[in-house]
Amino acid sequence: MPGIRAPSTYSEEPPRHPSLIINSKEPFNAEPPRSALISSYVTHVDMFYKRNHGPIPIVDDIESYHVDVSGLIGSPKKLYMRDIRSLPKYNVTATLQCAGNRRTAMSKVKAVRGVGWDISAIGNAVWGGAKLADVLEIVGVPKLTSVTQSGGKHVEFVSIDKCKEEKGGPYKASIPLSQATNPEADVLLAYEMNWEPLNRDHGYPLRVVVPGVIGARSVKWLDSINIIAEPCQGFFMAKDYKMFPPSVNWDNINWDTRRPQMDFPVQSAICSLEDVNIIAPGKVKVCGYAASGGGRGIERLDISIDGGKNWFEASRYQNPGIPYEADGVNSDKWAWVLFEAIVDITGNTEIAAKAVDIAGNVQPESVETIWNLRGILNTSWHKVQVRVGHSNM
């Protein structure tokens with residue numbers, strides 16, 4: 001494609017922060033230390049998890065770079081960055097989370113396939129760009145359209161990168177047209193992250209951001225947009241990121257029996273403590289994040305210091321100085337909340353956290369009940385072990 005290219009080797013990768021925990025070197029997949037996630041409401045770009053499926057694309061000529069929009073619409077169109085920047089710019093604070101977040105813990109129950117992740121394959125950023133609903137109007141698709149005159153019902157995003165899962169072809173995914181054309185869904189063609197141009201790892205020069213949905217649908221390094229009749233049939237829509245019950249294994253799996261995963265379930269994790277901690281007895285601060293998909297706010301964050309027998313509420317917050325309301329007009333509905341509680345530790349115990357969203361969805365107690373062969377959507381109670389002893393904490 002003019003202006004941007006997808007390398008076939010990993011010899012031109014961008015620099016990364018040395019604090020990142022590398023889960024896969026080629027392709028590069030890494031997450032920050034869990035403590036970095038609670039250092040600020042908006043995650044620093046360097047500390048935002050990196051999820052890649054191939055070598056990072058390189059922009060050679062930003063002026064000639066463009067996105068091809070075609071498919072079941074009146075006429076195809078090429079959109080250059082100047083065209084996209086000419087549209088109204090919106091800043092949307094949204095949390096992206098890899099569907100495989102907390103996969104490592106799930107793999108301890110039974111083996112799964114996929115990159116291992118601790119609890120930090122998640123981050124919160126301010127994304128800047130044009131709303132997809134405005135972009136689609138340029139090519140004759142009105143806002144709040146569910147089907148085009150030619151029968152288009154889905155919007156497919158195709159990247160420029162090369163993935164082994166696609167046999168060397170590009171990464172691709174889709175969302176329903178009704179979501180893409182709804183301004184309230186806040187789907188963006190983003191060119192900024194935290195008020196700066198996107199960097200290479202996060203999709204420079206242009207990416208899709210689909211708030212409230214698993215990160216796999218927010219395609220980076222956008223090459224083309226296609227209006228299609230059925231959901232995208234790319235590998236990561238048809239043969240991956242689907243939720244199966246524990247009874248399904250690699251011998252009896254039928255991918256066609258499950259829809260592609262979109263919204264992510266309610267989730268929380270403790271970031272101020274590791275899986276096993278040696279601490280002095282006394283007051284301990286328990287901090288972490290909670291988030292739910294589909295724009296559902298966090299109604300409650302519960303903490304237990306006796307393995308789940310008794311619970312109390314932690315405080316929740318987003319922007320400092322602004323009281324958080326789960327469905328408040330001043331709250332960021334697509335973003336996580338951070339939580340904090342002070343607990344009194346007198347002996348060895350287990351600390352657990354679970355979140356409840358505004359729809360009453362609550363995290364399941366046991367990872368065993370939601371185990372699946374791809375290790376996605378581990379939203380079970382997050383638990384850490386505490387041992388009383390001498391500590392430098």
Side-chain angles (χ1 to χ4, degrees), residues 1-7 10 12-17 20 27-32 42-62 64-69 79-81 83-85 87 89-99 121-132 135 155-163 166 169-175 180 186-211 213-225 232 234 236 334:
M1 177 183 181
I4 189 171
R5 57 187 170 90
Y10 293 92
E12 299 177 273
E13 293 289 278
R16 280 101 178 198
H17 198 282
L20 291 175
F28 190 81
N29 289 280
E31 62 188 304
V42 173
T43 310
H44 193 281
V45 173
D46 289 344
M47 291 291 104
F48 208 98
Y49 75 99
K50 320 296 180 190
R51 179 69 174 112
N52 299 302
H53 296 88
I56 306 301
I58 298 172
V59 174
D60 293 316
D61 181 9
I62 191 63
S64 61
Y65 166 78
H66 61 267
V67 175
D68 291 311
V69 185
L79 295 178
Y80 292 82
M81 286 301 299
D83 300 318
I84 295 167
R85 287 182 177 274
L87 295 170
K89 180 191 173 187
Y90 293 87
N91 287 320
V92 175
T93 304
T95 296
L96 293 187
Q97 178 178 208
C98 177
I122 187 172
N124 191 48
V126 180
W127 307 96
K131 286 195 177 184
L132 181 59
V135 173
V155 181
E156 179 185 61
F157 311 111
V158 182
S159 178
I160 193 68
D161 66 347
K162 297 177 179 179
C163 309
E166 295 283 5
Y171 187 99
K172 60 183 72 172
S174 68
I175 62 173
D186 289 330
V187 181
L188 293 183
L189 295 192
Y191 43 82
E192 289 183 0
M193 179 180 183
N194 295 351
W195 307 280
E196 298 287 343
L198 292 168
N199 69 17
R200 286 179 59 201
D201 262 324
H202 294 294
Y204 177 78
L206 192 68
R207 68 170 297 163
V208 182
V209 174
V210 187
V213 169
I214 63 170
R217 312 309 176 210
S218 290
V219 175
K220 299 184 285 187
W221 313 294
L222 194 58
D223 175 54
S224 61
I225 298 173
C232 167
F236 297 99
W334 304 115

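Bear in mind the structure is a predicted one, so any value in this text is a computation, not a measurement.
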Exercise for the section: Provide the closest heavy-atom pair for Ile4 versus Pro205 in the form atom of the first, atom of the second, distance. Expected result: CD1-CD, 3.8 Å
Practice task
Output all residues satisfying side-chain hydrogen bond (donor to acceptor under 3.5 Å, both in side chains) with Glu31, sequence neighbours left out; order by chain, then residue number.
Solution key: Asn23
Practice task
Under the side-chain contact (heavy atoms from CB on, under 4.5 Å) rule, collect the residues that match up with Ser159, sequence neighbours excluded.
Solution key: Asp161, Tyr171, Val219, Trp221
Exercise for the section: Mind running side-chain contact (heavy atoms from CB on, under 4.5 Å) on Asn199 and Tyr204 for me, showing each step along the way? Expected result: CA-CA 5 Å; Asn199 69 17; Tyr204 177 78; 5.7 Å; no
Practice task
Could you tell me which residues satisfy ring-ring contact (aromatic ring centres under 6.0 Å, His included) with Phe157, sequence neighbours excluded, listed by chain and number?
Solution key: none
Exercise for the section: List the atom of Met47, the atom of Pro32, and the distance in Å for their closest heavy-atom pair. Expected result: O-CG, 3.0 Å
Completion exercise
To the nearest 0.5 Å, atom CD of Glu156 lies from atom OG of Ser224 at 7.0 Å
Exercise for the section: Could you grab the distance from atom CD1 of Ile214 to atom CZ of Phe236, nearest 0.5 Å is fine? Expected result: 11.5 Å
Problem - Heavy-atom pair of closest approach, residues Phe48 and Gly123 - result: CE1-C, 3.2 Å
Problem - salt bridge (Lys or Arg N to Asp or Glu O under 4.0 Å) involving Asp46 - partner list, sequence neighbours excluded - result: none
Problem - Derivation and outcome, side-chain contact (heavy atoms from CB on, under 4.5 Å), residues Leu189 and Ile225 - result: CA-CA 11 Å; Leu189 295 192; Ile225 298 173; 4.1 Å; yes
Problem - Qualifying residues under side-chain contact (heavy atoms from CB on, under 4.5 Å), relative to Thr93, sequence neighbours excluded - result: Tyr41, Asn124, Val126, Asp332, Ala335
Completion exercise
Contacts of Trp127 meeting side-chain hydrogen bond (donor to acceptor under 3.5 Å, both in side chains) (sequence neighbours excluded), chain-then-number -> none
Practice task
Supply the atom-to-atom distance Cys232 SG to Arg217 CZ, rounded to the nearest 0.5 angstrom.
Solution key: 8.5 Å
Practice task
Applying side-chain hydrogen bond (donor to acceptor under 3.5 Å, both in side chains), name anything that partners His17, two or more places apart in sequence or on another chain.
Solution key: Ser19
Handout entry: Of all pairs that satisfy salt bridge (Lys or Arg N to Asp or Glu O under 4.0 Å), the ones with a partner from residues 194-205, not counting sequence neighbours
Key = Arg16-Asp201
Handout entry: Ala130 versus Val135, closest heavy-atom pair with distance
Key = CB-CG2, 4.2 Å
Fill in the blank from the handout: Smallest heavy-atom separation, Ala94 atom then Pro211 atom, equals CB-CB, 4.1 Å
Practice task
List the steps and the verdict of side-chain contact (heavy atoms from CB on, under 4.5 Å) for Asp186 and Tyr90.
Solution key: CA-CA 9 Å; Asp186 289 330; Tyr90 293 87; 6.0 Å; no
Problem - Test side-chain contact (heavy atoms from CB on, under 4.5 Å) applied to Lys220 - qualifying residues, sequence neighbours left out - result: Asn52, Arg207
Problem - Qualifying residues under salt bridge (Lys or Arg N to Asp or Glu O under 4.0 Å), relative to Lys50, sequence neighbours excluded - result: none
Exercise for the section: Search all heavy atoms of Lys162 against all heavy atoms of Pro55 and return the closest pair with its distance. Expected result: O-CD, 4.1 Å
Handout entry: Residues in salt bridge (Lys or Arg N to Asp or Glu O under 4.0 Å) contact with Asp60, at least two apart in sequence or another chain
Key = Arg5
Exercise for the section: Could you tell me whether a side-chain N or O of Asp61 sits under 3.5 Å from a main-chain N or O of Pro2, the two making a donor and an acceptor? Expected result: no
Exercise for the section: Output, in order, the C-alpha distance, side-chain angles, deciding distance and verdict of side-chain contact (heavy atoms from CB on, under 4.5 Å) for Val208 and Leu132. Expected result: CA-CA 9 Å; Val208 182; Leu132 181 59; 5.6 Å; no
Problem - Pairwise distance CG(Leu222) to CD1(Ile84) - rounded to 0.5 angstrom - result: 7.5 Å
Handout entry: Partner residues of Asp223 under the side-chain hydrogen bond (donor to acceptor under 3.5 Å, both in side chains) criterion, sequence neighbours left out
Key = none
Fill in the blank from the handout: Value for OH (Tyr49) from CG (Leu20), rounded to nearest 0.5 Å, stands at 13.5 Å
Problem - Atom pair CH2 (Trp195) and CE (Met193), whose distance is rounded to the nearest 0.5 Å - result: 11.0 Å
